[in-house]
Amino acid sequence: MEYIPAKTIVTKVKAPAGWFGIDYNMNIYKGCCHGCIYCDSRSDCYGVGDFDKVRAKEDALRIIRDDLRRKTRTGVVGTGAMSDPYNPFERELKLSRHALELCDAFGFGAAIATKSSLLERDIDILQSIAEHSPVLLKITVTCACDDLAARIEPHVSRPSERFRLVEKLSEAGLYAGILLMPVLPFIEDNEENVGKIIRMAGDAGARFIYPAFGMTLRGNQRAWYYQKLNELFPGERLSEAYQKRYGNYYECISPKARELWEFFAEECRNRKILYRMDDIISQYRRPYRTEQMTLPF
């Protein structure tokens, strides 16, 4: 493991904070070895060279301890935005686990985004945090088919394993759901895939599903993605379809987005699964809000 210097790790989210009500960001690792062909974090603008190599921030736990201790307000610490906190090296290093222990000790909540079933290991700490602060667990699933996932997300837990993870988290009394993003145009953007994810998520006890029917493409990320499409789907001319429809646009919305949204929303309502950001934030934070006492005079 290569270690890189860092001055601070837990940083305040710039207002307005809308992304799942997270107050602070925490990225312990840099780079990712999951190999997902669509990853936006590969883009030049983030300045992560040699993206497929995972590096850890030097003296991370001391820095996180000091960062948390200096905060004048507690809040929800989010992790997983730039690099999955449960990469294979985490199994031995346990940096994410110990960081959660620090969040617990200093009275902070936690919001985690991951594709890894390794998160199950830390259920005990998450339950401890949930006794005093909000906990939000977002498991990314882009397709329901293990075989397809093995092609586009080659080095990560299969979707079936992730749904079992959601079930374990839910059984442990933790607030867990699905990040249905990105939904790749011409590959995953169909009712069969989206409907199966909703059914499997509901059966696993997911409290929410938050979707994005499309993806982002820019700079070297676009070139990498097209190269992978040509390698993984030879003869299907998918890169040509993308170039024809999206050109150099950053936001590549599925041509079926409107129909998929209507289908998705109805299916979620039928299963009583939340899918709007404000509703998800309200529900996972609600038990921790202090109600003002009303006096009888």
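Both backbone and side-chain heavy atoms feed into the values below; hydrogens, waters and symmetry mates do not.
Taking Gln227 as the reference, Glu231 meet the side-chain hydrogen bond (donor to acceptor under 3.5 Å, both in side chains) condition, with sequence neighbours excluded. Residues satisfying the side chain to side chain contact (heavy atoms under 4.5 Å, CB included) test with Lys168, not counting sequence neighbours, are Glu120, Ile123, Glu171. Looking at residues two or more places apart in sequence or on another chain, you find a side chain to side chain contact (heavy atoms under 4.5 Å, CB included) between His132 and Asp104, Ile129. Ser239 is linked by a side-chain hydrogen bond (donor to acceptor under 3.5 Å, both in side chains) to Asn230, counting only residues two or more places apart in sequence or in another chain. Contacts of Ser83 classified as side-chain hydrogen bond (donor to acceptor under 3.5 Å, both in side chains), with partners at least two apart in sequence or in another chain: none. Partners of Thr216 by side-chain hydrogen bond (donor to acceptor under 3.5 Å, both in side chains), not counting sequence neighbours, listed by chain and number: Asp40.
Legend: side-chain hydrogen bond (donor to acceptor under 3.5 Å, both in side chains) pairs involving residues 68-78, not counting sequence neighbours, sorted by first then second residue: Asp66-Arg69, Asp67-Arg70.
Taking a 4.5 Å side-chain heavy-atom cut-off between Ile, Leu, Val, Met, Phe, Trp and Tyr, the cluster of Ile253 contains only that residue. The hydrophobic cluster containing Leu61, built from Ile/Leu/Val/Met/Phe/Trp/Tyr side-chain heavy atoms closer than 4.5 Å, also comprises Met1, Tyr3, Ile9, Val10, Tyr24, Met26, Ile28, Tyr29, Val54, Ile63, Ile64, Leu68, Val77, Phe89, Leu93, Leu95, Leu102, Phe106, Phe108. Hydrophobic cluster membership of Leu184, counting Ile, Leu, Val, Met, Phe, Trp and Tyr whose side-chain heavy atoms lie under 4.5 Å apart directly or via other members: Ile37, Tyr38, Leu148, Ile152, Phe186, Ile187, Met215, Leu217, Tyr225, Tyr226, Leu229, Leu232, Phe233, Leu238, Tyr242, Tyr246.
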Show the atom names and distances, to 0.1 Å, of all donor-acceptor pairs under 3.5 Å that link a side chain in residues 255-279 to residues at least two apart or in another chain.
| from | atom 1 | to | atom 2 | distance (Å) |
| --- | --- | --- | --- | --- |
| Arg269 | NH1 | Tyr275 | OH | 2.9 |
| Asn270 | ND2 | Glu266 | O | 3.3 |

Under 3.5 Å, which donor-acceptor pairs do the side chains of residues 195-207 form with other protein atoms, sequence neighbours left out?
| from | atom 1 | to | atom 2 | distance (Å) |
| --- | --- | --- | --- | --- |
| Arg199 | NH1 | Gly195 | O | 3.4 |

